[in-house]
Amino acid sequence: MLIGAAVVTTLCLPPAVHAAFPGRDGLIAFSREVGSERRQIYVVRPNGKGLRQLTRRRHGAGSAAWSPDGRRIVFSGWVWGVGDHLFVKHLGGGVRQITRGRDLDDDSFTYPTWSPDGRRIAAVRAHWEFGQPPDEALVVMRADGTRRRVVFDGGGISVRNPTWSPDGKWIALERTDVSSTGADPNLY
């Protein structure tokens, strides 16, 4: 019954919302925009009560994902003049930035997701070159952002929504292939 309520709650939110659940005490984490304000991370109980805003980032936050133990949330947030980077929020504690860059020609990171054991994070890395479309790839890193390695090179094509297999050996992702007939999103 609670999962059904969570799904209904998630489906009733505005289209710009992405939800991640369950977390500690069954909380659902999601991002949403309110009025003209930037997108932020919120949590709510599966019954829709107890709505609480977790982030108050000047340039916004999104793509929240719970750690397997339900005590941390990884999310992407815009860093002005640099791009999207990953942050880890400890429930009841602070926020720590785990990826960095110096300017828009560096890497940006989005769509983070925890490995089942909570020791690694997979994310989409976009490498920007001035005047060129981003080169996107799937990267895996330690939970503190160190030891990043590319596990799937998107070849300049859109890569989105990585998801770990329950045993942590595989990662599914969405890649948009472009051909003469148009863009075609596929699962890999």
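Atoms considered below: every heavy atom in the structure, side chains included; atoms not considered: hydrogens, waters and symmetry mates.
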Backbone N/O of Gly118 and side chain of Ser67: donor-acceptor pair under 3.5 Å: no
By salt bridge (charged side-chain N to carboxylate O under 4.0 Å, His left out), which residues pair with Arg142, not counting sequence neighbours? none
Can you name the closest pair of heavy atoms from Pro112 and Ser76 and give their distance? CG-N, 4.4 Å
Shortest non-hydrogen contact from Leu138 to Pro162? CD1-CB, 3.6 Å
Same cluster or not: Ile98 versus Leu54, using hydrophobic residues (I, L, V, M, F, W, Y) connected whenever any side-chain heavy atoms lie under 4.5 Å apart? no
Val124-Val139 co-clustered via ILVMFWY side chain contacts under 4.5 Å: no
How many angstroms lie between atom NZ of Lys169 and atom OG of Ser115, to the nearest 0.5 angstrom? 14.0 Å
Heavy-atom distance under 4.5 Å between the side chains of Arg147 and Met141, does that happen here? no
Can you tell if the side chain of Ile171 reaches within under 4.5 Å of the side chain of Thr113, non-hydrogen atoms only? no
How far does OG1 of Thr99 sit from CD of Gln97, to the nearest 0.5 angstrom? 6.0 Å
Side chains of Ser31 and Ser63 in contact at under 4.5 Å (non-hydrogen atoms): no
Do Val79 and Arg57 have side chains that get closer than 4.5 Å, going by heavy atoms? yes
Between Leu86 and Ala123, what is the shortest heavy-atom contact and its length? CD1-CB, 3.8 Å
Could you check if a side-chain atom of Trp164 sits within less than 4.5 angstrom of a side-chain atom of Asp117, using non-hydrogen atoms only? no
With a 4.5 Å cut-off on side-chain heavy atoms, are Arg45 and Leu27 touching? yes
Relative to each other, are the rings of His85 and Phe109 parallel, tilted or perpendicular (30° and 60° limits)? tilted
Beyond-backbone contact of Tyr188 with Val159, side-chain heavy atoms, under 4.5 angstrom: no
Cationic tip of Arg175 above Phe152 ring, under 6.0 Å, 45° of axis: no
Less than 4.5 Å apart, any side-chain heavy atom of Asp107 and any of Arg148? no
Find the distance between NE2 (His59) and CZ (Arg38) and round it off to the nearest 0.5 Å. 7.5 Å
Shortest non-hydrogen contact between Pro116 and Pro68, atoms and distance: O-CG, 3.2 Å
Identify whether Val88 and Leu91 are in the same connected component of the hydrophobic contact network (ILVMFWY, side-chain heavy atoms under 4.5 Å). no
As an exercise, state the distance from NZ of Lys89 to CH2 of Trp66, rounded to the nearest 0.5 Å. 10.0 Å
Taking every heavy atom of Val150 against every heavy atom of Asp153, the minimum-distance pair comes out as CG1-N, 4.0 Å
Please say yes or no: joined through hydrophobic side-chain contacts below 4.5 Å, possibly via intermediate residues, are Ile73 and Val95 part of one cluster? yes
Nearest 0.5 Å, please: how far is CG in Asp84 from CZ in Phe75? 11.0 Å
Over all heavy atoms of both residues, which pair between Ala126 and Glu136 is shortest? Give the atoms and the distance, please. CB-CG, 4.1 Å
Exceeds 12 heavy-atom contacts within 6.0 angstrom, atom CZ of Arg160: yes
Nearest 0.5 Å, please: how far is CZ in Arg72 from CZ in Arg96? 8.5 Å
